[in-house]
Amino acid sequence: MFTILTGAQFGDEGKGKIIDVLSSDYDVVVRFQGGNNAGHTVIVGDDTYKLHLLPSGVLTDARLLIGPGVVVDPGVLLGEIKMLADMGIKITPEKLGIDAKTSIIMPYHIEMDKLREQKREKKIGTTARGIGFAYIDKISRDEVRLAELADKDAFSEIMNELAPQRERAIIDLGGDPGVVREGILDYARYGATLKPYITDVSYELNRALDSGGNVLAEGAQGAHLDIIHGTQKYVTSSSTIAGGACTYLGIGPTMVDQVIGVVKAYITRVGEGPLPTEQAGDAGDRLRDAGGEFGTTTGRPRRCGWFDAPLARKAAYLNAYTSIALTKLDVLTGLNPIRICTEYELDNERIDYPPELSSDLARCTPIYEEVEGWDQDISVAGMFSDLPDAAQDYVRKMGEILKVDVKMVSNGPKRNQIIVR
Ligand code: GDP
Ligand code: IMO
Ligand code: MG
């Protein structure tokens, strides 16, 4: 069975938690895109794991893979492996495999990301992790692949050619070119340490599927941060939607059995770009406080707003979900009434689907339906029938908007706070 799981909004929907819950049914969990711009939280017992590159199946017996479409900062990855080792979890090459063709995020990518963002008139609000510039080098075929990082001669040959070019680029952006050569010795060391983890991810996955195994592909970011279909230009640099998993992993589309969309019961966004239902005042503050809406990667406060049905409809089209995991329902407790944006008004017309351009989306006025809230603590509910009627109605409403069954409802950050319908 091949399952793809993606975020349906602007990231931080709670993908890490849902992956952790699902992983025990899978033989392999694989990240297919993005890099350490992602921050996926898994909470088990009293322990909190914030994962940026390792798949969120790390606490189960599943094999973990990082596919060739991911951009890897090797220092961050080794830091994550060490953090887990300190917590008693060993990430050996038997546990983790990284594709030989995975692009490496170099120090100059991070520097260029920061410098370019400072200069932009319209800021994107990137995570400053070098993601965009690492993907530029992949597309222009000037990347350093993991296999090359792990091969001293290949690495120095590439650096001899690239370093002067990258130094000039950094000078052009107004930065200090010293950064290009500074970290190179460290990087050669990282390459040697990561060498035993190198594998052919597409081959491993297809072999696993071929022999009846279960594979779970873990998306990072969310549908509206997609490089092509998102709210350009306020997006990330990879394909975040379900089709991207096939492309990045080298698995054919006819192999896909399930596509799970992770949807937050309201909406959040970090960084710039339109968010029609954003609540700057009281409601936004309550959602941020109750939901702990601060970035896992950068610590930035997340912008919060009411559930946005037009954006949800688009995410459902882009991904063709077979089921939904609805998260953070508990955060809505005590808000009465709850508002759902069902349509927008744009240029005196009502529309139920987002306009294609971000500049138009930014001009949309949300039209809200008010629904009844609830005051009971739902974080202890174990079954759907334990939820108050108003909460059950809210879940059903989400399913109707997305036109797909909500099969999982998450009612708290912990592994056991999950209702399966
Ligand atoms: P991801 O990037 O999609 O994996 O999401 P993040 O981990 O960045 O952010 C989700 C946050 O919400 C994390 O702090 C989770 O621990 C937390 N979380 C996940 N599901 C729930 C839930 O159902 N209720 C509450 N209150 N918190 C949740
Ligand atoms: P997870 O996987 C939320 C946002 C950034 C910025 C834009 C581009 O945890 O859901 P980038 O550094 O990727 O070039 O930044 O994308 N962004 C995220 N927002 N969750 C994420 O990941 C994100 N990864 C990137 O804030 O607006
Ligand atoms: Mg996150």
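Positions are given from 1, in the same order as the sequence printed here. Here the structure is a predicted model, which is why all the values come from computation and not from measurement. In each ligand, atom 1 is the first atom listed, and ligand 1 is the first ligand listed.
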Quiz item: Would you call Arg303 and Glu278 a salt bridge, using N to O less than 4.0 angstrom?
Solution: yes

Exercise. Sort by chain and number the protein N/O/S atoms that are closer than 2.8 Å to the Mg ion (ligand 3), and list them.
Key: Asp12 OD1, Gly39 O

Quiz item: Can Lys397 and Glu369 be counted as an ion pair, charged N to O under 4.0 angstrom?
Solution: yes

Quiz item: Does the ring center of Tyr344 lie less than 6.0 Å from the ring center of Tyr353?
Solution: no

Exercise. Decide yes or no for Leu59 and Asp20: does some side-chain heavy atom of the first lie under 4.5 Å from some side-chain heavy atom of the second?
Key: yes

Quiz item: With side chains defined as the heavy atoms from C-beta onward, is the minimum distance between Asp176 and Ile170 less than 4.5 Å?
Solution: no

Quiz item: Should we count CG of Asn416 as having more than 12 external heavy atoms under 6.0 Å?
Solution: yes

Quiz item: With hydrogens left out, which residues have an atom under 4.0 Å from ligand 2, given that only heavy atoms count?
Solution: Phe10, Gly11, Asp12, Lys15, Asn37, Ala38, Gly39, His40, Ile124, Gly125, Thr126, Thr127, Ala220, Gln221, Leu225, Val235, Thr236, Val270, Gly271, Arg300

Quiz item: Does a side-chain N-to-carboxylate-O contact under 4.0 Å join Lys114 and Glu117?
Solution: no

Quiz item: Using a distance-only test with no angle check, is there a side-chain donor-acceptor pair under 3.5 angstrom linking Tyr26 and Thr3?
Solution: yes

Quiz item: Taking only residues two or more places apart in sequence or in another chain, which ones pass side-chain hydrogen bond (donor to acceptor under 3.5 Å, both in side chains) with Ser103?
Solution: Lys138

Quiz item: Near ligand 1, which protein residues have a heavy atom under 4.0 Å away?
Solution: Asp12, Glu13, Gly14, Lys15, Gly16, Lys17, Gly39, His40, Thr41, Ile43, Thr296, Arg302, Lys328, Asp330, Val331, Ser410, Asn411, Gly412, Pro413

Self-check item: Electrostatic pair Arg168-Asp172, nearest N-O below 4.0 angstrom
Solution: no

Quiz item: What's the verdict on side chain to side chain donor-acceptor pair (under 3.5 Å) for Thr231 and Arg269, showing C-alpha distance, side-chain angles and the deciding distance?
Solution: CA-CA 12 Å; Thr231 55; Arg269 177 166 204 166; 3.1 Å; yes

Practice problem: Going by the side-chain hydrogen bond (donor to acceptor under 3.5 Å, both in side chains) test, name the single residue among Arg300, Arg288, Arg302 that passes it with Glu293. | Solution: Arg302

Exercise. Scan side-chain atoms only and decide if Asn37 and Thr236 contain a donor-acceptor pair under the 3.5 Å cut-off.
Key: yes

